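Residues take their numbers from the sequence shown, with the count starting at 1. Just so we're clear, the structure is a prediction, and the values are computed from it rather than from any experiment.
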Amino acid sequence: MRIALSLLTAALLATPAGSAPAPKWQGVWRNAANSVHIRTAPCGRGAMCGTVVWANAKAKADVAERGGQLVGAQLFRNFEQGPDGVWEGEVYVPDIDRSVSGTIMLEGANTLVGEGCLFGRLGCKQQVWTRVAGKK
């Protein structure tokens, strides 16, 4: 018994910290129009962020008209998981060059549903993101 416990302890201590499975929301996602792709990844302590890694010419031009740059912009900022499994944080909306409070929920393995609201629960808009197969 003591040997088995020692072996188990040694195995746990020898497991590299980076071997934990990636969060289910981590990866590359596209919006419904397939005009923007974001990469979601951990940022900070237990938080999740989403950064634009690709955009079509029209989406880039729309943001450039306002003096901004879309690729490289962080759309999901400091999302933290709540007790109900919903992630809460800040959503940057490049169309209006403004950040709003928002939520993200993982629905199945390949769908993220994000929602941002201008004032409390007023002026809310929902967007569905689909996992891009083969992209990490």
Side-chain angles (χ1 to χ4, degrees):
M1 176 72 170
R2 181 175 260 173
I3 293 174
L5 185 57
S6 296
L7 289 174
L8 178 61
T9 303
L12 289 174
L13 292 174
T15 302
S19 69
K24 293 177 183 171
W25 46 257
Q26 192 169 345
V28 177
W29 304 82
R30 66 173 179 81
N31 64 355
N34 197 27
S35 59
V36 175
H37 292 190
I38 61 168
R39 174 172 283 116
T40 55
C43 61
R45 266 192 108 133
M48 184 259 294
C49 293
T51 303
V52 177
V53 294
W54 177 87
N56 69 15
K58 182 180 180 336
K60 289 192 276 190
D62 288 347
V63 174
E65 280 180 12
R66 288 180 288 289
Q69 186 172 345
L70 187 55
V71 176
Q74 193 175 70
L75 300 187
F76 300 159
R77 299 174 178 168
N78 300 313
F79 273 79
E80 295 182 357
Q81 189 172 18
D84 56 358
V86 175
W87 291 75
E88 297 179 8
E90 188 177 293
V91 179
Y92 173 65
V93 184
D95 296 345
I96 60 173
D97 191 27
R98 184 167 175 194
S99 294
V100 299
S101 62
T103 60
I104 296 174
M105 289 182 10
L106 187 63
E107 290 187 356
N110 298 312
T111 305
L112 276 179
V113 177
E115 182 176 81
C117 300
L118 290 174
F119 306 103
R121 295 296 304 159
L122 300 174
C124 297
K125 184 175 179 182
Q126 193 175 76
Q127 188 166 36
V128 176
W129 297 83
T130 303
R131 188 181 301 276
V132 177
K135 299 280 184 172
K136 291 186 180 183

Could you report the tightest heavy-atom contact between [X] and [Y], atom names first, then the distance?
X	Y	result
Val100	Gly116	CG2-CA, 4.0 Å
Thr51	Gly72	CG2-O, 3.5 Å
Glu115	Val91	O-CG2, 4.4 Å
Ser99	Tyr92	OG-CD1, 3.8 Å
Val63	Gln69	CG1-N, 3.8 Å
Gln26	Ala41	CG-CA, 4.1 Å

From [atom1] ([X]) to [atom2] ([Y]), nearest 0.5 Å:
X	Y	atom1	atom2	result
Glu80	Cys43	CD	SG	9.0 Å
Trp54	His37	CH2	NE2	5.0 Å
Asp95	Asp62	CG	CG	7.0 Å
Glu90	Arg98	CD	CZ	11.0 Å
Arg45	Asn78	CZ	CG	14.0 Å
Ile104	Gln81	CD1	CD	11.5 Å

Can you list everything that forms a salt bridge (Lys or Arg N to Asp or Glu O under 4.0 Å) with Glu88? Sequence neighbours excluded, please. none

Phe76/Trp87 under side-chain contact (heavy atoms from CB on, under 4.5 Å): CA gap, chis, key distance, verdict: CA-CA 10 Å; Phe76 300 159; Trp87 291 75; over 6 Å; no

Could you tell me whether the side chain of Gln126 reaches within less than 4.5 Å of the side chain of Val113, counting heavy atoms only? yes

Given the rule that I, L, V, M, F, W and Y join up when any side-chain heavy atoms are under 4.5 Å apart, are Val71 and Ile38 in one cluster? yes

Under a 3.5 Å threshold, yes or no: a donor from one side chain and an acceptor from the other, between Thr40 and Trp29? yes

Thr111 versus Arg131, side-chain donor and acceptor atoms under 3.5 Å: no

For the pair Leu118 and Ile96, evaluate side-chain contact (heavy atoms from CB on, under 4.5 Å) and give the outcome as yes or no after the intermediate values. CA-CA 11 Å; Leu118 290 174; Ile96 60 173; 4.1 Å; yes

Against Trp129, only a single residue in Leu106, Val36, Asn110 fulfils side-chain contact (heavy atoms from CB on, under 4.5 Å); can you say which? Val36

